[in-house]
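First up is the structure itself, then whatever we jot down about it.
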Amino acid sequence: MKPHRFRHTFGTEVTRRGVNPLFGKELMGIKSDRVFQRYTKGVFKQAAAEAYLKAIGESDESL
């Protein structure tokens with residue numbers, strides 16, 4: 001696995017598992033919120049889609 005891909009995977013898993021973003025940034029050695037968001041934006045997009053489906057009474061399993 002390439003280092004850049006590893007950082008994305010690690011950032012995604014840290015966020016998905018509910019680790020405080022402050023701690024996630026520390027674990028990844030990142031100081032900037034903007035840079036951290038670059039590594040974790042996929043998780044937030046997925047969470048937004050799941051929240052929308054829940055709000056309209058659908059489940060993501062029906063997709």
Side-chain angles (χ1 to χ4, degrees):
M1 180 179 288
K2 295 181 180 181
H4 185 74
R5 185 70 186 149
F6 176 76
R7 285 177 67 88
H8 275 279
T9 301
F10 184 79
T12 298
E13 281 305 307
V14 164
T15 305
R16 194 175 279 153
R17 293 174 187 245
V19 173
N20 182 317
L22 180 65
F23 300 144
K25 287 188 332 186
E26 179 67 26
L27 290 168
M28 293 178 70
I30 295 173
K31 294 187 189 309
S32 165
D33 289 336
R34 187 171 161 204
V35 172
F36 184 70
Q37 288 172 351
R38 196 178 320 154
Y39 285 106
T40 60
K41 69 182 174 184
V43 175
F44 293 108
K45 286 182 179 183
Q46 182 180 359
E50 290 170 2
Y52 170 74
L53 291 174
K54 184 177 179 182
I56 62 170
E58 297 288 327
S59 71
D60 56 350
E61 290 137 11
S62 64
L63 295 178

| said: Could you see if Val14 belongs to whatever hydrophobic cluster contains Phe44? Use Ile, Leu, Val, Met, Phe, Trp, Tyr and a side-chain cutoff under 4.5 Å. | reply: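 Looking at the clustering, Phe44 is in a separate group from Val14.
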| Connected via hydrophobic side-chain network under 4.5 Å: Phe23 and Phe10 |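 Per the 4.5 Å side-chain linkage, Phe23 and Phe10 are co-clustered.
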| request: Write down the atom of Thr15, the atom of Gly11, and the distance for their closest heavy-atom approach. | output: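 Minimum heavy-atom separation between Thr15 and Gly11: OG1-O, 2.8 Å.
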| Which atom of Thr12 lies closest to which atom of Val43, heavy atoms considered |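 Nearest heavy atoms, Thr12 then Val43: CG2-CG2, 3.4 Å.
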| field | ring pair (Phe, Tyr, Trp, His ring centres under 6.0 Å) partners for Phe36, two or more places apart | value |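 Residues passing ring pair (Phe, Tyr, Trp, His ring centres under 6.0 Å) with Phe36: none at all.
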| field | Contact list for residues 25-45, test salt bridge (charged side-chain N to carboxylate O under 4.0 Å, His left out), sequence neighbours left out | value |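 Salt bridge (charged side-chain N to carboxylate O under 4.0 Å, His left out) check on residues 25-45 returns Lys25-Asp33.
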| field | Non-neighbouring partners of Glu13 that pass salt bridge (Lys or Arg N to Asp or Glu O under 4.0 Å), sequence neighbours left out | value |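 Glu13 satisfies salt bridge (Lys or Arg N to Asp or Glu O under 4.0 Å) with Arg16, Arg17 once adjacent residues are dropped.
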| Sidechain-backbone polar pair: Arg7 side chain, Tyr39 backbone, donor-acceptor under 3.5 Å |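 No, because the side chain of Arg7 does not come within donor-acceptor range (under 3.5 Å) of the backbone of Tyr39.
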